[in-house]
Amino acid sequence: MPHNVLETFAAPTGLRWSQAAFLKDSGIEVTYNTSELHHSGDWVKVAWKGVLEPQASDMLAVFCPPDAYEIGGAAVKYANASDSPGYLESGAGSTALRLVNLRCDMRIVLLRADTSTVIAVGPVLHNLNPNEPTGVHLMRTQEPTEMLVQFTTRDKGQPVVQYSYAADDAQRTQVPATTTTYKASDLCGPPASTFGWVDPGHLHTAAMTALQPGRQVFYRVGDAASGIFSPAFSFHVPPVVRSDTTVRMLVLADQGVGEVDGSAQAMEYFPAAGVAELMVKDSRGASSSGRDFSLVLHVGDIAYARGFGALWDAFLFQQQELSSRVPYMVAIGNHERDHPNQPSCIHPTMDSGGECGVPFEHRWPMPFAGPDQPWFSFDHGPVHFTVMSTEHSYEHGSPQHAFLTADLASVHRGRTPWLVLLAHRPFYIDADDAAYGPEAKQSTAKQLQMALEDLLAENGVDLCLAGHHHSYQRTCPVYKNTCQDQSSSGRRGIVHLCVGNAGAQFYNNGFPETPNWIMHEAQLTHGYARFEANRTHFRIEALDSQGDSAGRVFDEVTLTRFAPNLNLFTEPVVL
């Protein structure tokens, strides 16, 4: 793996690059093996030569549109020229870059990062397919027999989804999509609204309705006017909502984007690509065995775009092989939402890079309570999921607290015996960082406990699923910092699971002495988790995605509601 580009060139400042005097007639050439881009994910071989005094800080940068480097725009991605063998000796090199369709022409420029200098400019790469449907992802609604699909194109056109129960069915049902977009002026500030801005195109969302549970649906998306459509995809309709069904799920948080070509974007997490790859492999294997995954849960910090718009497209490309087949449900995190300029933001940090939740809400139209109210709930098989925002007020008297109170009290435990809360910031975490102030992970954990722990316990929440701390951790069934004996008549405890290990750099800041409520200590292993739930058992497995250990289960536990001397649907027991 090449060294991290961001070690030699920090996140772009948006300043104009100066064009060195020797650029004109310098003899330096940048060439490609093609002049055209056809599809998202096309590979382009870039070659350069003639650099008389090559430096370790020399970089290749991809710009979209092609003149963005002249007007202060951030590059789409970067690669170290010195990673090409022999470059520092010869001033010549080559590399292959994979480019995501951003609906515009591109250009690759050779830069000297330490002096902010343009060394040489490549020709324009012409995008021949700006209306290719990209970023295809499925989402659940609150109606189990519906499925949403979203995709992106440059122009609005006449977007539709076509679907049927047979792969070769010429009589597909065709449904028009609704279309949204957002402008730089809709965002809170830089870099999102300035040098990090990339036009998001038009975002089309369509609903496939009256689906038969368990059936395989084949679909494609595109423009009915131009006839430009995606390849065919398929998914299985989730099972009916009731206690005697079994569902399997993939679970992760804090992933971001990992470039498989060795380049880097403004916010680069190389392990994220391995996590995405293993999840696809896992889901393919499950499908062949007849034990399909029917849901993905991503608990915040989705793309880590942080105001660099191209990262949203890169993330959706990275996940598309999975998210086009399995509905992908998300909770909002600090890196989607937080910004000092947002009045309703309880964490006034710059974590969203000026996005303030706008791209998130447009790209992930969950069944939110309302605009800038990203909390909701839905049922899936025998599980009721309640999704909250830890980035908005959840104190007593707030709209979110009212929602949580009503939603948790309304759960029919005979129909959905398992109750799971998704919250990006964890309630319990082995992180010794309270000295860093109110935004520290331990500080926000205490705030969550004070505001909501009694409410969750009174309503019998079984599991709290979180991220934010970049590690994997699991607690006992805990209440008020004490493990509860679930076989007694004492207060119900809640298992807290942190799955913030899907790509971002690790936090290694545990307490000197591990809290007694931690059952699996903070594990600094990239990966994700799997759930399997039926009427009586809720199984959790954590998987490693790294190197030779990829696919290894490093933690497993089962919650059960049916054990000796216990009545059905009582407190869960950890096996």
Side-chain angles (χ1 to χ4, degrees), residues 2 5 29-48 59-69 73-81 83-84 93-110 121-137 151-155 157 198-203 220-223 226-233 257-266 268 270 272-274 276-277 280 303 305 308-324:
V5 172
E29 296 182 13
V30 178
T31 59
Y32 324 133
N33 66 334
T34 182
S35 62
E36 299 171 344
L37 300 173
H38 296 268
H39 299 288
S40 200
D42 279 354
W43 287 80
V44 175
K45 185 175 181 180
V46 187
W48 61 97
M59 307 174 67
L60 297 167
V62 180
F63 288 93
C64 173
D67 64 347
Y69 72 100
V76 170
K77 63 193 303 182
Y78 306 87
N80 294 299
D83 286 334
S84 180
S94 65
T95 191
L97 297 176
R98 189 176 69 173
L99 302 180
V100 171
N101 190 344
L102 296 176
R103 304 162 295 280
C104 56
D105 294 342
M106 295 185 176
R107 189 193 305 273
I108 301 174
V109 175
L110 188 60
V121 175
V124 172
L125 275 165
H126 298 284
N127 188 339
L128 299 188
N129 198 5
N131 287 309
E132 173 190 14
T134 61
V136 179
H137 56 290
F151 62 101
T152 305
T153 58
R154 184 189 65 184
D155 303 328
V198 170
D199 192 314
H202 286 85
L203 311 174
R220 64 177 190 168
V221 296
D223 181 24
S226 68
I228 300 175
F229 279 87
S230 71
F233 302 102
V257 175
E259 289 287 358
V260 299
D261 58 12
S263 67
Q265 300 207 30
E268 180 67 31
F270 288 111
E277 181 181 3
V280 167
F308 294 93
L311 276 159
W312 280 109
D313 290 280
F315 177 82
L316 289 166
F317 178 83
Q318 173 183 271
Q319 305 297 100
Q320 180 172 287
E321 190 172 350
L322 179 64
S323 63
S324 62

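Not measured: the values here are computed from a predicted model.
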Looking at every heavy atom in both A272 and G258, which two are closest together, and how far apart are they?
CB-N, 3.7 Å
Residue list, salt bridge (Lys or Arg N to Asp or Glu O under 4.0 Å) with E259, at least two apart or on another chain:
K77
Return yes if some donor-acceptor pair links the side-chain N/O of D155 with the main-chain N/O of G157 below 3.5 Å, else return no.
no
Drop me the distance from Q265's CD to F315's CZ, to the nearest 0.5 angstrom.
12.5 Å
Polar side-chain atom of S230 near backbone of V221 as donor-acceptor pair, under 3.5 Å
yes
Does H202 use its side chain to pair, donor to acceptor, with the backbone of R154 at less than 3.5 Å?
yes
Considering all heavy atoms, the nearest A310-L102 contact:
CB-CD1, 4.0 Å
Could I get the full list of side chain to side chain donor-acceptor pair (under 3.5 Å) partners for S226, not counting sequence neighbours?
D223
Qualifying salt bridge (Lys or Arg N to Asp or Glu O under 4.0 Å) pairs with a residue from residues 97-110, counting only residues at least two apart or across chains
R103-D313
Closest contact, heavy atoms only, T152 versus P200
CG2-O, 3.3 Å
Rounded to the nearest 0.5 Å, what separation is found between the CG atom of D42 and the CG atom of L97?
12.5 Å
Give a yes or no answer on whether the side chain of Y32 reaches the backbone of P123 with a donor-acceptor pair at less than 3.5 Å.
yes
For G41 and F317, work out which heavy atoms get closest and say how close.
CA-CZ, 3.5 Å
Under 3.5 Å, is there a donor-acceptor pair between the side chain of S40 and the main chain of V100?
no
Can you find a heavy atom in the side chain of L128 that is under 4.5 Å from one in the side chain of L37?
no
Looking only at the side chains, is there a donor atom on one of N101 and N129 sitting less than 3.5 Å from an acceptor on the other?
no
Worked verdict on F233 versus Q320 for side chain to side chain contact (heavy atoms under 4.5 Å, CB included)
CA-CA 10 Å; F233 302 102; Q320 180 172 287; 4.0 Å; yes
Value for CG (L125) from CG (L99), rounded to nearest 0.5 Å, stands at 7.0 Å
Can you see which heavy atom on P133 is nearest to which on T153, and at what distance?
CA-CG2, 4.1 Å
Shortest non-hydrogen separation from A81 to W48 and the atoms involved:
O-CZ2, 3.7 Å
Any side-chain heavy-atom pair of V46 and V30 under 4.5 Å
yes
Steps toward side chain to side chain contact (heavy atoms under 4.5 Å, CB included) verdict (V44, N33)
CA-CA 6 Å; V44 175; N33 66 334; 3.9 Å; yes
Hey, what do you get for SG (C104) to CZ (F63), rounding to the nearest 0.5 Å?
12.5 Å
Distance (rounded to the nearest 0.5 Å) between F151 CZ and N131 CG
10.0 Å
Can you tell me how far apart OG1 (T95) and CG (D261) are? Round to the nearest 0.5 Å.
7.0 Å
With distance as the sole test, does S323 use its side chain to make a donor-acceptor pair with the main-chain N or O of V136 at under 3.5 Å?
yes
